[in-house]
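The structure appears below as structure tokens.
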Amino acid sequence: NNTLQDVVIRFKRMDGYEACWFPGTDHAGIATQTVVEMELLKEGKTRKELGREAFLARVWQWKERYGNEILEQLKALGCSCDWSRTRFTLDPGLSRAVRTAFVRLYQEGLIYRGEYMINWCPRCETALSDLEVEHEEVQGNLYFVRYPLEEGGYVTVATTRPETMLGDTALAVNPNDERYRHLIGKVAILPVLGRRLPIVAAEEVDPEFGTGVLKVTPAHDPVDFQIGQRLGLPAVNVLNGEGTVNENGGPFAGLDRFKAREAMVERLKTEGLLEKIVPYKHAVGHCQRCQTMVEPRLSTQWFVRTKPLAEPAIQAVKDGKIRFIPERWTKVYFDWLENIRDWCISRQLWWGHRIPAWFGPDGEIIVAMDEEEAKRIARERYGKDVELRQDEDVLDTWFSSALWPFSVMGWPDSTEDLRTFYPTDLLITGFDILFFWVARMVMMGLHFLGEVPFREVLITPLIVDERGQKMSKTRGNVIDPMELIESHGADALRFTMVHISGKGRSARFSRSLLDESRDFLNKIWNMARFILTNTADLPADADLSGRKLPWEDRWILSRLQTVIGEVREYLERYAFHLAAESLYHFIWDELCDWYLELSKVRLYGEDLEARRTAQLVLRKTLLDVLHLLHPFLPFITEEIAGYLGVDVSRGVYPKPEEDLRDPEAEEVLSAFRELVREVRAMRAELGLDPGCELALGISEGGRASLLTGELGGALSRLARVHTPRETDQRKAVRAARGVARDTSFFLYLPEDVDWNALRSRLERNMAKVESELASLEARLNNTEFRAKAPEEVVAQAAAQARELQARRARLLRFLEE
RNA sequence: GGGCGAGUAGCUCAGGGGGAGAGCAUCCGGCUUACAUCCGGAAGGCCAGAGGUUCGAAUCCUCUCUCGCCCACCA
């Protein structure tokens, strides 16, 4: 994520934009508090023993020690953030933004307090939002329990949580269910507690499930709560905060919820009320932070009314004001916002923004920016100074994160930063926080600023380990980036991240990829070393203009322009991995494997001017390549450019120079390389001494004179051949014949060789040519292809066919001979 | 229950309407004065399966299978 952000920031900065990256961290309420609580536990203390103030002091201590680690990691990774703008969600400025947002939303009726069904984590002892609950398939049981009827007989009810029976206040059946219609209005008796339960009608009941009779527990189930609300049923809470049964649980009071379940089952068995137990797999909610099973529970909490905020957030994306990349995430975003439910924002924690609400002596709520303002309001309301008690709870961390795009810029003040940088251009993040963060930033940004917080959202894949598993501390497969930076370097880590960033939803990380990246860096380093040492004597005023460039220079410069164009295009569409790949192959396969070798002819030659030309092209290419690479590999590029007295980070990102494009040179070098490759292959397959120099003759082909003439020196160096006059050829024992493109050649051999190997090579070439030719000719003979395919495609196929035919003819002749 | 992603060489993956690609691994040969973290050469694939669209499909559409993930108040 951060590598990609830095690639974009550096690229845009080099391309002339005022690219500002606001770094910062959030306070991670539950996670941080949990960690510190664990620390305390080891010392045998609890947070409650310490008290709020001392505990918070302790958390701040922890934060000072570890909270900046992530920023240190970013720095080590080379992220070019504006560090002077570093922010933390609990900073005074951001806290003021949080209070301001809370107060305004409350005044607008978009924040309310009330008793509703929420998710409760008995370990964290706090309410959670729906998003903080992860549903996991669990193997449980469906218990079929008989509820005696007041009038005699019984009905059977199926439940997965028998312990919640203690909170039953009714039974419900579907009004259209013929089987039970006669029971509506009758009364059942709750086992164990003997409570009278009215049998009611409710559409929510699915006749197909279980027995078609639902036990209604309004305090511990969302659907039951809804039924209870509508029908005015009492809600009996049977659980304490830590997950034990409370005083409403009769004989089970004090038992842990799971012990209570067992006890209830035993009790029902002995009373003959348990009809059967059926194994049942179902999804159960778990706390995102501690994996504890959450309990739906009726509780008084603070909520954000989300529908009015969600609608503009949907519209903004529909209007194209925000674009998701890849686009498919748009649908996911819509689905969530369209079905959004109110957001429970209060947490029974201490680490976080304390809710700016005070209670008067009569329990009335006063929401204010601070205690002073609350007191002022209270004075007006009560006509005198009264005792005020601030709400103990803090806000969901994501509430403050939702304000991030403008709180970091000084909101609610109208600041220069806000005017300059809001809305921002780009957010890069993972899909795991699309709802938690992205959607909420859009809602809050639109609400408070009237404008989207960012125009583009780039969703990156999530990194998984070698086995495709999500990285998590509980799995123990997390990797400290600092360790990787130490072993392979930040640039290698960055390059690897870019390499795997083009994936679908997950990107598999493995250390062998780091080796690959390191090898590439090593290649770059050695390439630079070669160029720097071989151009050390280049006069400062030497200039490329006016020089006649040989084919290989024209070729590499032309290829360079193509690569510049490609890299730019890929960066513009955030296809980082393709940009990196393009550079990787250009540098390794073309620049290093071919051009550097070709340049040696002149670098090590006698002709000073030719040497100067080669040096200038090498320098120019190196500089362009360093600039192209810099957003990906800031460290190595700065180091190398430093030797040339260039600050690459402040350089301009290369643009293609059209006048350097040279299709003819590319064609010539392509033929040249093909010839060299063919000679090398022949040499290898004939088992010839790799060091021995062979005589080569070119018999046919449009570029024969060029390949042995202007490119003769290069050919001789790269293919280890010389091109003697006709007369010298007699010295050879025999000649091996080969074909490369439209060129056929003779390799004069100093000794007898394995002619079968040569024949087999020619035959393999022949087979390849024939099969290609067959498919080409089939296409060309197809009248529909000729009629409907684009002209250039047909022309290209025809040209290819001609070349293959020529090649086939020559191969055939050689085989006969 | 709804949705998404992935299935291409032994492995990890890129590509995404007109010649099947890379890295690693394998085989053969090289310490050639930038680099053995290297160089040269070779072998290896009905691009998951079945239909369809098209002159042309690994690529687009439909369905199926396998794996992974997200969302969801069937107790």
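These values consider heavy atoms only, across backbone and side chains, with no hydrogens, waters or symmetry-generated copies. Within every chain, numbering begins at 1; the chains are lettered A, B, ... in the order of the sequence lines, protein sequences first and strands thereafter.
- No hydrogens or angles considered: a donor-acceptor pair under 3.5 Å links the side chains of A:D130 and A:N119.
- The side-chain heavy atoms of A:L532 and A:L644, taken from C-beta on, include a pair separated by under 4.5 Å.
- A donor-acceptor contact closer than 3.5 angstrom links the side chains of A:S582 and A:E566.
- When the P atom is used for both B:C61 and B:G45, the distance is 29 Å, rounded to whole Å.
- Pair check for B:C4 finds B:G68; Watson-Crick or G-U wobble, both atom distances under 3.5 Å.
- Taking atom CZ of residue A:R573 and atom C1' of nucleotide B:G16, one finds them 10 Å apart after rounding to whole Å.
- Atom CD1 in A:I500 sits about 13 Å away from atom C1' in B:A14, given to the nearest Å.
- Of the residues near RNA chain B, A:D130 and A:T533, the one whose nearest nucleotide (by heavy atom distance) lies more toward the 5' end is A:T533.
- If you check B:G18, B:G41, B:C55 against the side chain of A:R779, the one that comes closest is B:G18.
- For the side chain to side chain donor-acceptor pair (under 3.5 Å) with A:T496, the qualifying choice from A:S517, A:S510, A:S512 is A:S517, the only one to do so.
- Across all strands shown, B:C38 forms a Watson-Crick or G-U wobble pair, both distances under 3.5 Å, with B:G30.
- Listed candidates were B:A34, B:U37, B:G18. Nearest to the side chain of A:N522 is B:U37.
- When each of B:G40, B:C74, B:G16 is scored by its nearest atom to the side-chain atoms of A:D206, the top-ranked nucleotide is B:C74.
- Listed candidates were B:C69, B:A34, B:C73. Nearest to the side chain of A:R341 is B:C73.
- Comparing the same atom, P, in B:A58 and in B:G16 gives a spacing of 15 Å after rounding to whole Å.
- Between the P atom of B:C73 and the CG atom of A:N339 lies a distance of 10 Å, rounded to the nearest Å.
- Nucleic acid contact class of A:V157 (heavy atoms, under 4.0 Å, all strands): none.
- Using a 4.0 Å heavy-atom criterion, one finds that A:Y143 contacts no nucleic acid atom at all.
- Of all nucleotides listed (B:A75, B:A34, B:C4), B:A75 comes nearest to the side chain of A:T160.
- Proximity note for A:D519 (side chain, C-beta onward) versus B:C38, B:C55, B:A14: the nearest is B:C38.
- Listed candidates were B:A42, B:C55, B:C73. Nearest to the side chain of A:V223 is B:C73.
- Each of A:R786 and A:V676 lies near RNA chain B, and the nucleotide nearest A:V676 is the one positioned closer to the 5' end.
- Applying the 3.5 Å distance criterion, the base of B:U37 shares a donor-acceptor pair with the side chain of A:R518.
- Using a 4.0 Å cut-off, no side-chain N or O of A:Y116 falls inside it from OP1 or OP2 of B:C73.
- For B:G51, the paired nucleotide is B:C61, the pair qualifying as Watson-Crick or G-U wobble because both relevant distances are below 3.5 Å.
- A:T160 contributes no side-chain N or O that, together with a main-chain N or O of A:L142, makes up a donor-acceptor pair within less than 3.5 Å.
- Of the nucleotides present, B:G10 is the one that pairs with B:C24 by Watson-Crick or G-U wobble criteria, both distances under 3.5 Å.
- The residue A:R161 sits apart from the nucleic acid: no heavy atom pair falls under 4.0 Å.
- With B:A14, B:G18, B:A75 as the candidates, the nucleotide lying closest to the side chain of A:L578 is B:A14.
- Checking A:E777 against A:Q805 by side-chain atom types alone, a donor-acceptor pair falls below 3.5 Å.
- Picking from B:G41, B:A72, B:A75 the nucleotide with the shortest atom distance to the side chain of A:E685 gives B:G41.
- For A:P222, the listed nucleotide lying nearest its side chain is B:C73; candidates were B:C4, B:A34, B:C73.
- Atom P of nucleotide B:C13 and atom CD of A:E466 are separated by 11 Å, given to the nearest angstrom.
- Taking atom CG of residue A:D689 and atom P of nucleotide B:G40, one finds them 18 Å apart after rounding to whole Å.
- In this structure, a donor-acceptor pair under 3.5 Å is absent between the side chains of A:S506 and A:K470.
- Look at the C1' atom in both B:G19 and B:C47: the space between them is 15 Å, to the nearest Å.
- Atom P of B:C11 sits at a distance of 32 Å from the matching atom of B:C71, rounded to the whole Å.
- Checked by distance alone, A:Q800 brings a side-chain donor or acceptor within 3.5 Å of a matching partner on the base of B:G19.
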